[in-house]
Amino acid sequence: MNDLSQIKAYLKAYNGEPMTFMEVCGTHTASISENGIPEMLSPAIKLISGPGCPVCVTVASYVDRLVELALTENTTVVSFGDMIRVKGSERSLGDAQSDGGSVRMVYSPFEIIKLAKKEPDEQFVFAAVGFETTTPVYAQLLESIIENKIKNIKLLTALKTMPAAIRAVNADNITGFIAPGHVSVITGHKLFDNMAKELKKPFVTSGFKGEELLAAIYALTKLKGGSSLNLYPSSVTYDGNKEAQHKVDRYFEQCSAAWRGLGVIDGSGMRLRDEFSEYDAGSTELVKDSLINSACSCGDVISGRKAPTACSMFGKVCTPDDPQGACMVSMEGSCFHYYINDRR
Amino acid sequence: MKITMAHGSGGRSTSQLIDEIFVRANSNPTLDMMEDSAVVSGGKRIAVTTDSFVVAPLFFKGGDIGRLSVCGTVNDLLMRGAIPKYITSAYIIEEGADTEILERIATSMAETAKEAGVNVIAGDTKVIEGNGGVYINTTGVGIVRDSVDIKSANCRVGDALILSGTLGDHHASILSERMDIKNNIKSDCAPLVDMVRNMMEAGVDIRAMRDVTRGGLGTVLNEFTKSSGCGFELYEDKIPMTAEVAAFAKILGLNIMHMGNEGKMIAVVAADDAEKAVDIIRSSRYGENAAVIGYVSDDKKVVMNTNLGGRRIITELYGEGLPRIC
Amino acid sequence: MCVAAPGRVIGIKNNIATIEYSGNTVNANAGLVKIKPGDYVLVHAGLVIQRVNEEEAKNMTELFKTLEELGNE
């Protein structure tokens with residue numbers, strides 16, 4: 001099996017035991033759709049999307065808090081674009097903005113420093129969502145804030161970690177996992193090697209290119225339960241980015257976290273350490289969740305129990321134009337990707 | 001000089017503004033008469049289109065709102081096989097706008113109109129409260145020869161799909177400025193008169209044409225599926241794009257099929273004429289990268305055959321086409 | 001901005017790296033990874049998170065070698 005064409009032929013012709021693999025990372029989901037990979041696989045190989053979209057797993061009370069902050073005088077919420085369209089129990093940051101709330105969209109959290117320096121009398125709050133890959137960004141940001149003695153920036157955190165969530169979604173029908181590529185860059189392949197042993201299922205760490213994902217899927221069909229493979233060695237080492245891990249450890253500590261559709265999972269989140277609580281905009285206790293539409297299956301979709309297309313609202317009342325759940329809002333959400341790529 | 005609300009009063013300041021900037025830039029006998037409407041000669045069948053232009057920044061690499069407002073309207077006329085003849089220009093100007101900027105826009109508009117072979121025959125100026133913004137509406141009139149019938153409903157299974165050049169340039173150029181990503185990507189903003197006229201003069205059997213603007217090629221082809229009942233098979237490796245724009249799209253997680261252009265068109269032509277049409281477009285102005293990118297199919301879907309060997313459905317653009325966060 | 005493909009470092013000043021992707025340049029915080037001009041790096045949300053070890057082409061070859069061994073098991 002030494003070239004791509006052989007791998008393609010194998011995956012198309014595969015007629016062994018039916019297999020279901022979960023890709024945990026939202027960017028993997030996007031690449032699988034963009035490359036048309038589902039069409040290249042035998043019907044006996046199924047791919048399902050996991051809880052790897054940071055916006056999709058955020059609970060309503062967190063969004064509500066952001067909305068409240070945006071509407072508070074002399075306070076501006078700074079956020080990634082996707083977060084702005086997600087509704088809390090009633091409203092989104094975008095709605096708050098139409099009501100005169102102050103919201104700024106940025107592409108890198110570091111932009112908040114410029115904003116805060118320019119308007120020293122305004123309180124800026126960053127909507128800090130993300131997984132292991134993004135937490136080091138906030139650690140680095142915090143370091144800059146402290147070094148520059150900036151007093152008008154806080155974080156509202158909803159930071160998540162993968163292992164506990166993967167345990168929670170690990171249903172019997174899942175044969176193996178494509179481990180998230182950029183999370184592994186930070187944590188190291190070690191994390192998923194350990195998870196493979198613990199869950200007795202194969203894990204393959206993969207890059208984002210179509211051919212890398214095909215190779216990962218091929219490897220998953222061959223690997224035995226409990227083993228793992230790092231197929232992204234150009235960027236992922238066994239131990240990960242130690243410097244990033246240290247920085248995260250300096251500012252953050254493990255906590256329980258609320259996931260949309262999965263509830264509160266012990267040890268599945270990160271929060272600011274007590275000594276840095278002055279930079280926290282009130283992140284604790286934001287665990288309550290509610291659905292925009294009671295028929296929404298986002299929880300089942302995030303946990304892989306349901307394919308997006310199995311939701312009764314998919315493509316009917318729930319579309320990217322009028323999303324009823326976070327998975328259709330976010331450009332990393334499974335429902336959004338299934339819809340725009342007409343994936344079945 | 002700064003624009004004030006007096007420039008919109010309808011009095012002396014208004015006529016001065018119109019005379020000194022807009023009429024001076026676009027002077028021609030019809031416009032210079034300064035009557036309430038323009039009376040011009042036409043044909044048996046005319047094409048009419050209108051479009052409003054709202055763009056920030058007003059000046060960008062490769063163009064400006066003035067050039068854009070002519071290209072957009074002229075190209076819409078051309079896509080029905082019309083020969084563009086006349087254009088109107090209505091400005092809505094926010095107070096505080098600089099007359100120097102208005103002059104640059106009006107000059108650029110005049111130059112582009114000249115290039116496209118259209119006369120600006122009527123105009124209007126209004127001033128509103130605001131902060132220096134400029135918005136332009138143009139209406140275009142073109143003449144359509146009797147035998148010409150170009151519309152998307154004419155697509156037939158087996159027809160060839162020709163894209164006149166690289167995708168995404170305008171969108172990437174505008175977004176680069178907003179996102180602080182530095183590059184040399186220029187807007188492709190251009191009137192497509194030369195390539196369309198050359199194809200028509202050579203008797204190419206053109207079924208349909210559409211300029212690929214906001215919403216991108218994905219949106220255009222999905223509109224075609226509705227009006228024609230046909231589908232489209234595309235080949236990812238055939239789609240012209242520059243390495244720079246491709247990398248730009250990757251950085252922001254944008255889909256090149258949903259990125260807008262302002263000087264590109266998709267033409268559906270009879271399969272037998274495909275080679276001839278590509279040759280003609282390539283030797284015409286702004287068409288040097290034209291290519292056949294696929295063909296018309298019968299399954300009512302827009303399908304991309306990916307470089308990897310997969311197939312995926314291309315939908316119209318949903319949402320605002322904003323970058324993914326991570 | 002989570003860029004799946006690596007970019008090339010073309011300059012660093014005060015811990016801010018300028019990174020090039022086929023003619024596009026962006027700035028990113030370089031506080032976490034020791035890098036020098038010419039290195040290929042991964043950037044996530046404005047932060048350099050990794051220096052990419054080798055040329056990509058070489059990696060694909062190695063990847064297939066790994067898979068070959070897997071197939072022979």
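Every chain is numbered from 1 and lettered A, B, ... according to where its sequence line falls, protein lines coming before strand lines.
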(message) The criterion is ring-ring contact (aromatic ring centres under 6.0 Å, His included); which residues satisfy it with A:Tyr251, sequence neighbours excluded?
(response) A:Phe276

(request) Would you check if C:Val33 and A:Glu243 make a side-chain contact, meaning some heavy-atom pair closer than 4.5 Å? (result) no

(request) Kindly indicate whether the side chain of C:Ile16, heavy atoms from C-beta on, has any atom under 4.5 Å from the side chain of A:Phe110. (result) no

Supply the atom-to-atom distance [X] [atom1] to [Y] [atom2], rounded to the nearest 0.5 angstrom.
X	Y	atom1	atom2	result
C:Leu32	A:Lys247	CG	NZ	5.0 Å
A:Asn241	C:Gln50	CG	CD	5.5 Å
C:Asn29	A:Gln140	CG	CD	4.5 Å
A:Ser234	C:Arg51	OG	CZ	12.5 Å
C:Leu42	A:Phe208	CG	CZ	8.0 Å

(message) Please classify the contact of A:Leu141 with chain C as side chain, backbone, both or neither, using a heavy-atom distance under 4.5 Å.
(response) neither

(request) Under 4.5 Å heavy-atom distance to chain C, tell me which part of A:Leu231 shows up: side chain, backbone, both or neither. (result) both

What are the two closest heavy atoms between [X] and [Y], and how far apart are they?
X	Y	value
C:Ile49	A:Val185	O-CG1, 3.7 Å
C:Val52	A:Ser235	CG2-OG, 3.7 Å
A:Pro109	C:Ala45	CD-O, 3.3 Å

(message) Keeping C:Asn53 on the side-chain end and A:Pro233 on the backbone end, is there a donor-acceptor pair under 3.5 Å?
(response) yes

(request) For A:Lys201, check side chain to side chain contact (heavy atoms under 4.5 Å, CB included) against everything at least two apart and list the hits. (result) A:Asn170, A:Ile174, A:Phe177

